[in-house]
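Positions are given from 1, in the same order as the sequence printed here. This one's a predicted model, so the numbers in the text were calculated from it and none came from an experiment.
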Amino acid sequence: MTDDVLVVGEISRETREAVTGVVKALEEAFNTKDPIALSEQFAVRTSWSNAMGKRLDDREAIVEFSVPAMKGFLGESYARYDVVKLLEIAPDVIAVNVAQTPTDRAGEPVEGARGATLYVISRQPDGWKIVAGQNTAVPA
């Protein structure tokens, strides 16, 4: 995790690394077009609104949406996810602001819509997971 991330609250280094790890695992799953690995970053009970405004209300719904999307319109879409702010909401509940930058397959930035994403990540019985989130498309 870089030092330019704004941290609000008493968030331990271990927690910062864990929640940043969730975001990086999500990025890797998106870029490798692995809908199962992507869904595993979410809690079983979650609420996610994607950049098109579609709300997906559990891990299974995320898989059902992601499989055809990654084979279809997202098949040649890649992105870099940069954590820009961590906000402690409560113990083991962290709001994470992420800037998404479109890239080519090699990870080099390209023109296109960007994303401003908010994840709420909390410690679950199976590790740190996204329990709620909203992705907003931002024009290039």
Is the shortest distance from a Lys or Arg side-chain nitrogen in R105 or E76 to a carboxylate oxygen in the other one below 4.0 Å?
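Yes, this pair counts.
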Using a strict cut-off of less than 4.0 Å between a Lys/Arg side-chain nitrogen and an Asp/Glu carboxylate oxygen, indicate whether D126 and R59 qualify as a salt bridge.
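Judged by the 4.0 Å cut-off on N to carboxylate O distance, D126 and R59 do form a salt bridge.
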Quick one: closest heavy-atom pair of [X] and [Y], and the distance?
X: A43; Y: K129; value: N-CB, 3.5 Å
X: Q41; Y: A37; value: NE2-O, 3.3 Å
X: S122; Y: V93; value: CB-CG2, 4.0 Å
X: P35; Y: K33; value: CD-O, 3.2 Å

Using a 4.5 Å cut-off on heavy atoms from C-beta on, say whether the side chain of [Y] contacts that of [X].
X: V19; Y: L86; value: yes
X: M70; Y: F30; value: yes
X: V84; Y: L6; value: no
X: R80; Y: T101; value: yes
X: S66; Y: L38; value: yes
X: K24; Y: E28; value: no
X: D58; Y: R45; value: no

Say you draw a straight line from [atom1] of [X] to [atom2] of [Y]; how long is it, rounded to the nearest 0.5 Å?
X: T46; Y: R55; atom1: OG1; atom2: CZ; result: 11.5 Å
X: L56; Y: S49; atom1: CG; atom2: OG; result: 7.5 Å
X: S77; Y: D104; atom1: OG; atom2: CG; result: 12.0 Å
X: Q124; Y: D92; atom1: CD; atom2: CG; result: 10.0 Å

ILVMFWY cluster, [X] and [Y] together (side-chain gap under 4.5 Å):
X: W128; Y: L118; result: no
X: L26; Y: I62; result: yes
X: V131; Y: V63; result: no
X: M52; Y: V67; result: no
X: Y78; Y: L74; result: no

Result of checking L87, V120, V23, T117 against V96 for side chain to side chain contact (heavy atoms under 4.5 Å, CB included):
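That would be V23; it is the only one of L87, V120, V23, T117 passing the side chain to side chain contact (heavy atoms under 4.5 Å, CB included) with V96.
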Among I89, T15, V22, exactly one meets side chain to side chain contact (heavy atoms under 4.5 Å, CB included) together with I94. Which residue is that?
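Answer after filtering I89, T15, V22: T15.
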Pair Q100, V98 - check side-chain contact (heavy atoms from CB on, under 4.5 Å), show working.
CA-CA 6 Å; Q100 294 175 334; V98 175; 4.3 Å; yes
Steps toward side-chain contact (heavy atoms from CB on, under 4.5 Å) verdict (D57, S47)
CA-CA 4 Å; D57 282 329; S47 183; 3.1 Å; yes
Would a distance-only check, ignoring hydrogens and angles, find a side-chain to backbone donor-acceptor pair under 3.5 Å from E88 to I11?
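No, the answer is negative, given that no donor and acceptor are paired below the 3.5 Å cut-off.
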Under 3.5 Å: donor-acceptor pair, side chain of S39, backbone of I36:
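Pair found, side chain donor or acceptor close to backbone of I36.
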Measure the acute angle between the ring planes of F73 and F65, then classify it against the limits of 30° and 60° as parallel, tilted or perpendicular.
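Ring orientation of F73 relative to F65: perpendicular.
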